[in-house]
> 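Before I ask anything, here is the structure I am working with.
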Protein chains: 2
Amino acid sequence: MKQKITLKHIAKELQVSISTVSKALKNSEEISRDTKEKIQAFAKLYNYKPNNIAISLKNKRTKNIGVIIPDIVHHFFTTVVRGVEKYANTKGYNVIVCLSDESFDKEVINMEMLANGSIDGFIMSLSSDTQLKGDYNHLKEVIEQGIPMLLFDRITNEVDCDKVIIDDQMGAYLATQKLIDEGRKKIALVTTEDYLSVSRERKTGFVRALKDNHMEVQEQYILQMPTMGMEEKPFKNFFDSVEVDAVLCVNEIFAISGMRYLKSKGKRIPEDVSFIGFTDGLLSKYANPSLTAIDQHGEKMGEAAAEILIEKIESELEEPSFKTKILSPTLIERDSTIN
Amino acid sequence: MKQKITLKHIAKELQVSISTVSKALKNSEEISRDTKEKIQAFAKLYNYKPNNIAISLKNKRTKNIGVIIPDIVHHFFTTVVRGVEKYANTKGYNVIVCLSDESFDKEVINMEMLANGSIDGFIMSLSSDTQLKGDYNHLKEVIEQGIPMLLFDRITNEVDCDKVIIDDQMGAYLATQKLIDEGRKKIALVTTEDYLSVSRERKTGFVRALKDNHMEVQEQYILQMPTMGMEEKPFKNFFDSVEVDAVLCVNEIFAISGMRYLKSKGKRIPEDVSFIGFTDGLLSKYANPSLTAIDQHGEKMGEAAAEILIEKIESELEEPSFKTKILSPTLIERDSTIN
DNA sequence: TTGTACGCGTTATCAG
DNA sequence: CTGATAACGCGTACAA
């Protein structure tokens with residue numbers, strides 16, 4: 001087993017001091033050509049690579065960024081991670097991914113683990129538990145310590161930091177307007193509970209579009225789904241009790257499940273009922289009919305987040321100047337709406 | 001801005017030596033009650049937490065494990081990552097995720113970045129590029145250095161290390177047998193190019209099942225898809241030229257796309273043609289008809305991988321005793337086959 | 001041109 | 001009971 005070689009080994013082997021080796025490997029002018037060549041050759045031969053940990057300790061820079069997301073088996077979040085990775089790697093950063101699993105406690109634990117020197121900055125999206133609880137002290141503490149922090153997608157106004165979001169209101173507005181333009185009159189919204197920031201925004205956009213078109217907002221057309229998983233029954237109750245001709249869903253799964261139920265009731269899509277869903281993931285593309293969707297541009301979001309965060313890390317100015325970047329969503333028309 | 005506090009700060013503030021503080025915080029018997037209480041109170045007040053990096057340097061243990069996967073916007077890999085995270089966190093480890101993006105070069109770069117002290121061990125699945133190239137020197141070098149390494153799913157026999165896979169042959173066999181039991185006679189296999197280890201295995205299982213049932217293996221029933229993405233044309237060519245009554249696909253996307261095309265040709269599923277796909281992801285569940293699938297138990301795989309790797313990391317014996325854990329796949333019957 | 005000494009934050013050993 | 005010292009691996013200001 002070829003143990004990792006250190007400056008010390010090289011120094012001893014070549015009968016010079018450690019600092020000479022260090023300088024030689026940085027091609028310092030201070031060192032004679034001969035010595036440099038000898039040392040560099042030796043280093044290459046034994047494949048010397050500086051130890052990241054030692055450098056981190058010295059520089060107080062780890063070149064790691066911590067990403068905390070609620071779930072990883074999730075199309076949108078993974079596209080964001082991919083974007084973060086992509087940009088971070090070009091800047092020589094690694095990405096440490098931690099999952100909060102939608103739990104406040106795990107979010108706190110993970111942040112504490114990472115905050116003790118493991119990372120130079122955070123990119124995160126709040127767990128639903130945290131948003132429900134409304135307790136953001138763990139974020140505030142980290143920020144207090146001077147660790148750069150960026151929130152994306154699921155954010156809160158209660159903490160001051162950089163943010164990247166898509167314009168969820170606009171997404172919902174676009175979608176709703178599209179349905180109205182099709183001539184739909186009874187448009188339903190299928191959403192989650194209100195404490196998720198994104199759901200609130202989407203609902204606002206939905207309502208605004210209706211009002212702008214002088215349509216009435218009827219609470220009975222709004223279905224608030226309980227926690228994910230059991231979709232069958234709520235849909236049944238809802239669609240059996242109200243007659244709709246269009247449905248906007250805050251995620252793909254709701255849309256697919258909704259379409260399935262209505263089709264089983266003999267409705268034709270999109271002739272009888274149009275569907276639009278948030279998050280343009282795999283399901284939207286491969287659904288039958290394929291689903292018209294709001295693309296949230298996760299990868300771009302991740303890249304933007306990484307760019308902003310890394311800039312902040314490397315600028316190290318004390319100024320608390322935070323920006324919120326708002327990306328625009330796009331409507332991708334497929335077969336669940338009428339062209 | 002409340003800077004992170006160190007032992008040194010505490011020592012200075014309390015007029016004691018650094019080592020006294022260190023010991024006091026570890027509740028050492030050597031330190032008097034009074035001093036300990038004073039120091040512990042102070043530490044708690046200022047929320048002292050030891051610096052991970054310094055500890056890593058000292059212990060030569062980072063408590064990080066590196067996970068390198070070809071793609072993260074991918075249901076199977078994310079379930080594995082989730083399993084790894086889950087187990088690793090219970091053992092106090094963080095997970096550093098790097099993406100090879102199916103590229104040999106990125107795989108090498110990422111491994112080198114992580115191998116210089118950032119992680120205590122690797123869990124990885126080979127990029128297709130690497131499998132195509134057949135060059136595993138980067139893995140061998142890392143293993144040479146004594147860094148524990150575990151391969152999962154996309155593995156190779158050319159490197160000696162721990163491995164976790166599902167029995168892909170068995171999965172394909174199970175699926176094929178199911179189709180045969182339904183009375184299908186013209187069973188197609190839709191797969192990728194042969195250099196992916198998993199595809200090879202699945203093909204072998206498919207062939208074996210046919211032979212065991214005294215059925216002829218006909219090359220014309222095997223469709224080798226080019227790289228992912230453009231599914232339309234190859235399917236058209238294939239299904240227009242051969243008549244089949246069942247299809248086994250090595251992934252969900254192929255299955256969904258295949259079903260779609262055949263439905264567009266007026267075939268009924270599963271009455272005219274049965275479908276089974278590998279990887280029980282979202283698409284399988286929500287497809288129409290829902291897809292009978294081989295569950296690869298990604299999360300279990302991740303947990304098993306993390307368990308084996310961490311055990312190896314913490315046992316630090318020199319013995320090169322490597323095991324290969326083989327998980328059994330499960331057939332999940334849905335509506336694309338006949339019950 | 002090369003080497004010494006120090007510091008990053010921690011722990012362990014040993015001396016007082 | 002407490003403190004000084006060395007060590008982990010590296011970089012660098014300063015001394016030789």
> Will you find, in the side chains of B/Gln131 and B/Ser197, an N or O donor that is under 3.5 Å from an N or O acceptor?
yes

> Given D/dC10, is OP1 or OP2 found less than 4.0 Å from the side-chain N or O atoms of A/Tyr48?
yes

> Using whole Å, report how far NZ of B/Lys60 lies from C1' of C/dT11.
15 Å

> Nearest to the side chain of B/Ile55, which nucleotide is it out of C/dT10, C/dG3, D/dG9?
C/dT10

> Among residues 32-46 of chain B, which contact DNA chain D at a heavy-atom distance under 4.0 Å?
B/Ser32, B/Thr35

> Quick one: are B/His138 and B/Phe104 in side-chain contact, heavy atoms under 4.5 Å?
yes

> Under the side chain to side chain contact (heavy atoms under 4.5 Å, CB included) test against B/Val108, which residue among B/Glu112, B/Lys106, B/Met111 passes?
B/Glu112

> Would you mind telling me which of C/dG3, D/dT2, D/dT12 lies closest to the side-chain atoms of B/Ile31?
D/dT2

> Measure the CG-CZ distance between A/Asp71 and A/Phe76 for me, rounded to the nearest 0.5 Å.
12.5 Å

> Between B/Glu30 and A/Ala54, which residue's closest nucleotide on DNA chain D lies nearer the 5′ terminus?
B/Glu30

> Please give, in whole Å, the distance from D/dG9 P to A/Lys4 NZ?
12 Å

> In whole angstrom, give the distance that lies between atom CG of A/Leu25 and atom C1' of D/dG11.
12 Å

> Which nucleotide wins on minimum distance to the side chain of B/Asn51, given the candidates D/dG3, D/dC10, C/dG9?
C/dG9

> For C/dC8, does OP1 or OP2 lie under 4.0 Å from any side-chain N or O of B/Lys58?
no

> Across the strands shown, which category fits B/Leu57 at heavy-atom distances under 4.0 angstrom: base, sugar-phosphate, nothing?
base

> Under 4.0 Å between a side-chain N/O of A/Ser22 and OP1 or OP2 of D/dG11, yes or no?
yes

> For A/Leu7 and C/dT4, give me the distance from atom CG to atom P, rounded to whole Å.
15 Å

> Using the side-chain heavy atoms of A/Thr6, tell me which of these nucleotides is nearest: D/dC10, D/dT2, C/dG9.
D/dC10

> Pair B/Lys63, B/Asp120 - check salt bridge (Lys or Arg N to Asp or Glu O under 4.0 Å), show working.
CA-CA 6 Å; B/Lys63 285 273 188 176; B/Asp120 296 338; over 6 Å; no

> Of the options C/dT2, D/dG3, D/dT12, whose atoms approach the side-chain atoms of B/Thr20 most closely?
D/dG3

> Between B/Lys163 and B/Thr156 (side chain of the first, backbone of the second, donor and acceptor by atom type, cut-off under 3.5 Å), is there such a pair?
yes

> Report the nucleotide, chosen from C/dG3, C/dT10, D/dA4, that has the shortest atom-to-atom distance to any side-chain atom of B/Ser19.
D/dA4

> Taking B/Phe322's backbone N and O only, do any of them form a donor-acceptor pair with B/Asp162's side chain (distance below 3.5 Å, no angle check)?
no

> Looking only at side-chain N and O atoms, does A/Lys26 come under 4.0 Å of OP1 or OP2 in D/dC10?
no

> Checking contacts here: which listed nucleotide (D/dC8, D/dG11, C/dT10) is nearest the side-chain heavy atoms of A/Lys8?
D/dC8

> If you only use heavy atoms from C-beta on, which nucleotide in C/dC14, D/dC8, C/dT11 is closest to the side chain of B/Lys23?
C/dC14

> Considering the options B/Asp101, B/Val67, B/Val81, B/Leu99, which one meets the side chain to side chain contact (heavy atoms under 4.5 Å, CB included) requirement together with B/Ile72?
B/Leu99

